[in-house]
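For reference, the structure is listed below as structure tokens.
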Amino acid sequence: MGAPALAYTQRRADASPLWALVSDWGEAVERVWEERFEGKYGPWRPHWRRVLAGFLVCGDLACGFARVRCPDCRLEYMVPFSCKRKLCPSCEARRRAEWSAHVVEEVLPDLAYRQLVFTVPRVLRGGFMRERRLLGTLVRTAYGVTRLFLAAQFPGVKGAVPYFVGAVETWGSVVNPHPHVH
């Protein structure tokens, strides 16, 4: 006999420190962005207002939900809609898991892989944050360096081309500007 199924537990995004921070300070940061932060992090991007607003209502039943019924026990749950925003830790984790599964199952052949992370020196990070188009150059450069490195490591293998899936990130784990490629 298997273990009993766990009941759905709605997450409480509004109880998180990040939610409190965005709720209390999001508008204030936008008001002072140009004066205090633009020089280092680039201009305020208009879609950030939508991202912040969407994050604040993520998981709020008043903003919509799906009714889900368990076919075995007949219990019903209301599952609130999610914001699907990068700022939201829950939604971003789900998106990354789904994207990773797609890449592994549908894109890449069944081979051994290594994860590489290409970072940018601190002194250059502000430039990448202000000039977002440079992020594409960062990915192409990371691929070129990987290709040169592998050619030097395996000189007897002619014409081999490495598989490369680059994911650009612009923030570190503590919401610090940190452009890098995985």
Side-chain angles (χ1 to χ4, degrees), residues 11 13 16-19 21-22 25-26 29-30 32-56 58-59 82-182:
R11 69 183 180 84
S16 76
L18 179 60
W19 192 94
L21 182 71
V22 170
W25 295 99
V29 169
E30 181 180 0
V32 300
W33 186 269
E34 184 178 3
E35 175 188 336
R36 298 204 41 207
F37 305 111
E38 187 169 315
K40 187 171 184 179
Y41 305 119
W44 177 266
R45 296 169 66 199
H47 79 278
W48 287 350
R49 183 180 296 134
R50 289 188 311 275
V51 169
L52 295 176
F55 170 69
L56 291 175
C58 184
S82 60
C83 68
K84 299 176 180 64
R85 309 284 182 181
K86 281 189 161 189
L87 175 69
C88 181
S90 176
C91 293
E92 180 63 8
R94 179 177 176 174
R95 179 190 1 232
R96 286 176 189 233
E98 290 173 352
W99 181 79
S100 297
H102 166 72
V103 169
V104 169
E105 295 167 8
E106 305 293 330
V107 177
L108 298 175
D110 189 20
L111 298 170
Y113 295 97
R114 298 292 177 264
Q115 178 181 359
L116 305 173
V117 180
F118 296 87
T119 63
V120 175
R122 282 186 200 270
V123 70
L124 299 177
R125 291 177 185 174
F128 280 89
M129 298 306 285
R130 285 188 298 278
E131 297 291 331
R132 311 280 294 181
R133 62 184 165 76
L134 293 175
L135 296 171
T137 304
L138 179 62
V139 173
R140 287 187 294 279
T141 302
Y143 174 72
V145 168
T146 302
R147 195 169 177 173
L148 289 172
F149 173 79
L150 291 174
Q153 294 299 309
F154 304 100
V157 181
K158 301 291 183 202
V161 178
Y163 277 92
F164 189 91
V165 177
V168 176
E169 295 289 335
T170 53
W171 298 93
S173 61
V174 291
V175 194
N176 57 319
H178 179 54
H180 58 285
V181 177
H182 288 265

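Just the heavy atoms: all of them, side chains too, but no hydrogens, waters or symmetry mates, feed the values below.
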Is there a side-chain contact between [X] and [Y], using heavy atoms and a 4.5 Å cut-off?
X: Val103; Y: Tyr113; answer: no
X: Arg85; Y: Cys91; answer: no
X: Thr170; Y: Phe128; answer: no
X: Cys58; Y: Trp19; answer: no
X: Pro89; Y: Phe55; answer: yes
X: Phe37; Y: Trp44; answer: no
X: Pro162; Y: Tyr143; answer: yes

Return the minimal non-hydrogen interatomic distance between [X] and [Y], and the atom names on each side.
X: Thr146; Y: Phe118; value: OG1-CZ, 3.1 Å
X: Val120; Y: Pro179; value: CG2-O, 3.4 Å
X: Thr119; Y: His180; value: CA-CB, 4.0 Å

From [X] [atom1] over to [Y] [atom2], what is the distance, rounded to the nearest 0.5 angstrom?
X: Leu52; Y: His47; atom1: CG; atom2: NE2; answer: 9.5 Å
X: Leu138; Y: Glu169; atom1: CG; atom2: CD; answer: 11.5 Å
X: Cys83; Y: Arg50; atom1: SG; atom2: CZ; answer: 13.5 Å
X: Leu148; Y: Gln153; atom1: CG; atom2: CD; answer: 11.5 Å

Surrounding CZ of Arg49 (heavy atoms of other residues, nucleotides or ligands, distance under 6.0 Å), is the total greater than 12?
no

Arg132, CZ: over 12 other non-hydrogen atoms inside 6.0 angstrom:
yes

Quick one: which of Val51, Leu56, Val29 gives a side-chain contact (heavy atoms from CB on, under 4.5 Å) with Val22?
Leu56

Charged N to carboxylate O under 4.0 angstrom, Glu92 versus Arg95?
yes

Is the closest basic N to carboxylate O distance between Glu30 and Arg45 below 4.0 Å?
no

May I ask you to check whether His182 and Gln115 show a side-chain donor-acceptor distance below 3.5 Å?
yes

Show your reasoning for whether side-chain contact (heavy atoms from CB on, under 4.5 Å) applies to Val107 and His102.
CA-CA 7 Å; Val107 177; His102 166 72; 3.7 Å; yes

